[in-house]
Amino acid sequence: VSAAPDDDLLAAFPRERTWLLPALDTVRRREGWVSPDRLAAIGRHLRVPASEVWGVASHYPEVRLRPPGRRLVRVCTGVACRALGGRELLGACAARLGVAPGQTSADGAVTLEELDCAFACSVAPVVEVDHRLAGRVTPDGLPALLAGPADGHGGHGPPGPGAVAPPPSLPRDLQARHAALLREAERRRPRRRLSVAVGSCSAAVGARETLAALARELERRDLGDLALGETGCPGLCWAAPLVALEEEGTTRLLAGPVTAADAPALAEALAGGRPDALPLIDPTALGAQRRVLMARCGVTDPGDIADAIRRGAYRTLARALAAGRPEAVIEELRQAGLAGRGGAYFPAAVKWAGCRDAPLGRPRWIVVNAEEGEPGIFKDRHLLEGDPHGLLEGVLLAAWAVGAERGIVYVHGEADLAAARIETAIAQARQWGLLGEGILGGELSLELSVRRGLGGFVLGEETALLESIEGRRAMPRPRPPFPVEAGLWGRPTLVNNVETLCAVPPIVEHGGTWWASLGRGHGTKLFGLSGLLRRPGVVELELGGSLRALLEGLGGGSATGRPITAAVVGGPSGSIVPAARFDEPLVPRGPVNPGTGGIAALDDSVPVGEVLRLLLAYNTRESCGKCTPCREGTARLLAMLEAGPDRAGAEELAEVIQLASLCGLGQAAPVALLAALRDFPEALPGRPV
Ligand SMILES: Cc1cc2nc3c(=O)[nH]c(=O)nc-3n(C[C@H](O)[C@H](O)[C@H](O)COP(=O)(O)O)c2cc1C
Ligand code: SF4
């Protein structure tokens, strides 16, 4: 059966089921939805029965099976946005657009939707218009935002990979080859550089506009050898857009926000030779952090491999490959005690050794879990956007250690900037001989590509992720076998979180015992700070510190003047922590489990019972339905909460759900309710517990 003539969009895909999600993604990006004709064409081309194409397409929330309006407005009402007026913004949008949430206007002009999370919590509240995020939205700013130019669905889609020409010739020897790359990178170093930090959060508050304005202003003046560029975000989202000036190896972070309107004065100061007159960011804003994984975030240009190499990328890989002992990498991880940062804190060394020793043959796969679909956390995006080569070096060390020769970086379907940056990094690494056959002239070979998700919390569960790569619904697999034994297409597959892999190069560089000496033996961890804080953003610090230190120190304390009374820690899989427990240490499996690191601060203007209902309702909605305890139990638990929980009944049901659910979604779903029964009994509705 050949493809129909109108299937040009699909012709690029090999005719195999694994391309089902990429095909759906391509169509939805181009056309805004996936029509029945398109579904049929996809099925014909990929040789998948029409019923199964429908079954898969209807499972993923980002695949629209009905055309949306010409404009698509989505308002985030996740915890941070809700605390900062997200629901009011949703109401204001409905009134202004004349359409109820979840509806398309009768004339097809606009669709209005509510978002569980826009993953830019540090610039909440957030409204998305035609796939462009706008942060710190106020009711007064809404009319201009909604009146902006309609561009259909063209906001989707990252720019194509940029090229950075590789060095002309390279020596054969591994170390010499890395040294040659470094020399070439040094040769290309700009003497002075002004850079704008552009990440998802900062782009939502005007970083691209600042960059464009600076480009115009610098062009008008003679600024000699000053280069203008882009970095990822240093994590100080509260001060975004941020601009940095780098001269002779010293970087100064200018006090932000630097808006497009500030560009003329900034350019004038630079042209007049008065950079010292520019106000700088308060250095204590970064002070309490321990930036290991984030060391290059906000410093390096993510679109320039030469810049990353100059700043140390791939140095550890070159040394490890030259030493020729892949098992030594696993040994370092064992000494480090590195535990997975995808939320479960499983020991990385145990997993890696299991994959290395798995008997089921070749090819072995490595899958980077960059799905990050849990509301309230946005740290993996931050690493991908800020230092994609740091992640690639971790992936290469992992591939070397476990013997993988193929890999996939699986990026959330809406994280377009993160996907674009990692795609660029992969393309450049290939050009520079750091991916593909015979990496750095040695024996390691790795083919790496990017896949995109299509929504849903459970998609991030590792076996659901593998199902989706194989072209099926995101439903977890029973274990055993574990992915390291039989994962993608039955082959040994290492699945790790972005943050876990980014920790590998520093651990191999400085040694496992060094990592174990940090954070009470747990190393460092990234946290996404949001909610009612003066300084929301992404920070990295040693584990074992207290929530109070995070919220009142790095987070700057309450933004409202009222005390912070609670914090949601770990999103829908975590719990709401009362202020009375803010001094307990944040350690995996400790009294306050950091989970994936999402922290949203609340004051007493946000009812705890409402937040609890939000978390539980989310888990109930997101249950994939494969196993009964989670499918039926979460809905029942929610009903009990609405009616007013009776402690004994809720605890009994929660225990069943936790013990009998197939995957972590069900196992963690009752956690927030159980914690609230203990910590906030007065905040729960209905009869006393
Ligand atoms: C519902 C659910 C969602 C998950 N989402 C993610 C995710 O977005 N990213 C991630 O790395 N791990 C996620 N996980 C955890 C993965 O199943 C897996 O443990 C992780 O990718 C392993 O990597 P690590 O050992 O480096 O943490 C999720 C688990 C569950 C149960
Ligand atoms: S626990 Fe929930 S999400 Fe996980 S497999 Fe069962 S029904 Fe699906």
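Atoms within each ligand, like the ligands themselves, are counted from 1 in listed order.
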### Distance from atom 21 (O) of ligand 1 to nearest protein heavy atom, with residue and atom
Asn369 ND2, 2.9 Å
### Query
What atoms of ligand 2 come within less than 4.0 Å of a heavy atom belonging to Ser623?
2 (Fe), 7 (S)
### Task
Would you check if the side chain of Thr524 reaches a backbone N or O of Glu540 as a donor-acceptor pair within less than 3.5 Å?
no
### Task
Among all protein heavy atoms, pick out the one at the shortest distance from atom 4 (Fe) of ligand 2; state its residue, atom name and that distance to 0.1 Å.
Cys663 SG, 2.3 Å
#### Entry: Atoms in ligand 2 with a heavy atom of Ser661 nearer than 4.0 Å
1 (S)
### Query
Counting heavy atoms only, which part of Tyr345 comes closer than 4.0 Å to ligand 1: side chain, backbone, both or neither?
neither
#### Entry: Residue Gly625 vicinity, atoms of ligand 2 by number, heavy atom under 4.0 Å
7 (S), 8 (Fe)
### Task
Give a yes or no answer on whether the side chain of Arg362 reaches the backbone of Gly403 with a donor-acceptor pair at less than 3.5 Å.
yes
### Message
Quick check on contacts: which atoms of ligand 1 are under 4.0 angstrom from a heavy atom of Arg341?
### Response
26 (O), 27 (O)
### Message
Under a 4.0 angstrom heavy-atom cut-off, which atoms of ligand 2 come close to Cys630?
### Response
1 (S), 2 (Fe), 6 (Fe), 7 (S)
### Query
Numbering the atoms of ligand 2 from 1, which are under 4.0 Å from a heavy atom of Gly666?
1 (S)
### Query
With atoms numbered from 1 as shown, which atoms in ligand 1 lie under 4.0 angstrom from a non-hydrogen atom of Gly373?
8 (O)
### Interfacing atoms of ligand 2 (cut-off 4.0 Å, heavy-atom, Val458)
3 (S)
#### Entry: Where ligand 1 meets Gly664 - atom numbers and elements under 4.0 angstrom, heavy-atom basis
31 (C)
### Query
So which protein heavy atom does atom 8 (O) of ligand 1 come closest to, and at what separation?
Glu372 N, 2.9 Å
### Message
Just to be sure I read this right, does ligand 2 sit under 4.0 Å from the backbone of Pro476, its side chain, both, or neither, counting only heavy atoms?
### Response
side chain
### Summary
shortest atom 11 (O) of ligand 1-to-protein heavy-atom contact is with Asn497 ND2, 2.8 Å
#### Entry: Cys624 backbone or side-chain N/O/S under 2.8 Å from atom 8 (Fe) of ligand 2
yes
### Message
Return the CG to CG distance between Leu459 and Leu21, rounded to the nearest 0.5 Å.
### Response
8.0 Å
### Summary
If we number the atoms of ligand 2 from 1 as shown, the ones under 4.0 Å from a heavy atom of Leu665 are 3 (S)
### Per-atom contacts of ligand 2 with Cys627, taking only distances under 4.0 Å to non-hydrogen atoms
1 (S), 6 (Fe), 7 (S)
#### Entry: Close-contact set for ligand 1 against Lys351 heavy atoms, below 4.0 Å
22 (C), 23 (O), 24 (P), 25 (O)
### Task
Could you tell me the residue and atom name of the protein heavy atom closest to atom 15 (C) of ligand 1, and the distance to it rounded to 0.1 Å?
Gly342 O, 3.8 Å
#### Entry: Proximity to ligand 1 by part of Asn496, non-hydrogen separation under 4.0 Å
both
### Query
From Trp514 CH2 over to Glu509 CD, what is the distance, rounded to the nearest 0.5 angstrom?
9.0 Å
### Query
Would you say the side-chain atoms of Ser445 and Glu447 include a donor-acceptor pair closer than 3.5 Å?
no
### Task
Note the single closest protein heavy atom to atom 13 (C) of ligand 1, along with its residue, its atom name and the distance in Å.
Gly460 O, 3.2 Å
### Shortest protein heavy-atom distance from atom 19 (O) of ligand 1, along with the residue and atom involved
Glu462 OE1, 4.1 Å
